[in-house]
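Treat the numbers as computed from the prediction; the structure is a model and nothing was measured. When a residue number appears, it is its place in the shown sequence, counting from 1.
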Amino acid sequence: QVQLVESGGGSVQAGGSLRLSCAASGYTGRLDWMTWFRQAPGKEREGVACIYTGSPVTYYADSAKGRFTISRDNAENTVYLYLQMNSLKPEDSGIYYCAARDDTGTWANARAYPYWGQGTQVTVSS
């Protein structure tokens, strides 16, 4: 079964940086689409950044453009997904989830992703 394990969350001050990592293993497909979502208290889960391995091509939420960079490394049995977050703002706070899928569709549609990590907390203080 597919396992996604995130790491790298923490607490930083506004303007700081964090790098999130996600290790995906146990998959039989290619996990072509891998995406970082975040969920703040009382809000819906929202897509932050996505990478499609086919081209490769990346997608970003407007709030992430220019500040966040998504990347991935394909090892033999594990895919590593990263999110470099710079110039962090308090509104970036939340639980960040790594998600993966093989089929094509709207990248930020959380319901379309069958594989999820447990999440990692990011807290940005002003």
- Message: Which residue is it: Arg45, Lys43, Glu46? I am looking for the one with a side chain to side chain contact (heavy atoms under 4.5 Å, CB included) to Arg38.
- Response: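 With Arg38 as partner, Arg45, Lys43, Glu46 yield a single side chain to side chain contact (heavy atoms under 4.5 Å, CB included), made by Glu46.
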
Is any side-chain heavy atom of [X] less than 4.5 Å from a side-chain heavy atom of [Y]?
{"X": "Tyr82", "Y": "Asp73", "value": "yes"}
{"X": "Glu6", "Y": "Tyr96", "value": "no"}
{"X": "Met85", "Y": "Asp92", "value": "no"}

How far apart are the closest heavy atoms of [X] and [Y], and which atoms are they?
{"X": "Val5", "Y": "Gln118", "value": "CA-OE1, 3.8 Å"}
{"X": "Gly47", "Y": "Ala61", "value": "O-CB, 3.4 Å"}
{"X": "Ser87", "Y": "Ser17", "value": "N-OG, 4.3 Å"}
{"X": "Ala75", "Y": "Tyr27", "value": "O-OH, 4.5 Å"}
{"X": "Ala24", "Y": "Leu4", "value": "CB-CD2, 3.1 Å"}
{"X": "Pro114", "Y": "Ala100", "value": "CD-O, 3.3 Å"}

In Å, rounded to the nearest 0.5 Å, how long is the span from [atom1] of [X] to [atom2] of [Y]?
{"X": "Leu81", "Y": "Ser71", "atom1": "CG", "atom2": "OG", "result": "7.0 Å"}
{"X": "Cys98", "Y": "Arg72", "atom1": "SG", "atom2": "CZ", "result": "9.5 Å"}
{"X": "Gln1", "Y": "Ser25", "atom1": "CD", "atom2": "OG", "result": "9.5 Å"}
{"X": "Thr106", "Y": "Arg111", "atom1": "OG1", "atom2": "CZ", "result": "12.0 Å"}
{"X": "Ile70", "Y": "Cys50", "atom1": "CD1", "atom2": "SG", "result": "6.0 Å"}

- Taking Asp32 for its side chain and Tyr52 for its backbone only, find out whether a donor-acceptor pair lies under 3.5 Å.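 No, because the side chain of Asp32 does not come within donor-acceptor range (under 3.5 Å) of the backbone of Tyr52.
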
- Item | Side-chain donor/acceptor of Thr120 to backbone N/O of Ser7, under 3.5 Å |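 Not at all, since once roles are kept as given, no pair shorter than 3.5 Å links the two residues.
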
- Taking atom OH of Tyr80 as the centre, does the number of heavy atoms from other residues, nucleotides or ligands within less than 6.0 Å exceed 12?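 Open: at most 12 neighbouring heavy atoms sit under 6.0 Å from OH of Tyr80.
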
- Query: Is the number of heavy atoms from other residues, nucleotides or ligands under 6.0 Å of Gln13 CD greater than 12?
  - Reply: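 Counting neighbours around CD of Gln13, 12 or fewer heavy atoms of other residues, nucleotides or ligands fall under 6.0 Å, so no.
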
Hey, quick one: are [X] and [Y] part of the same hydrophobic cluster, counting side-chain heavy atoms closer than 4.5 Å, chains of contacts allowed?
{"X": "Val57", "Y": "Met34", "value": "no"}
{"X": "Trp36", "Y": "Tyr115", "value": "yes"}
{"X": "Leu18", "Y": "Tyr97", "value": "no"}
{"X": "Tyr60", "Y": "Val122", "value": "yes"}
{"X": "Ile51", "Y": "Phe68", "value": "yes"}

- Message: Centroid separation under 6.0 Å, is that true for the rings of Tyr113 and Phe37?
- Response: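 They qualify: ring centres under 6.0 Å apart.
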
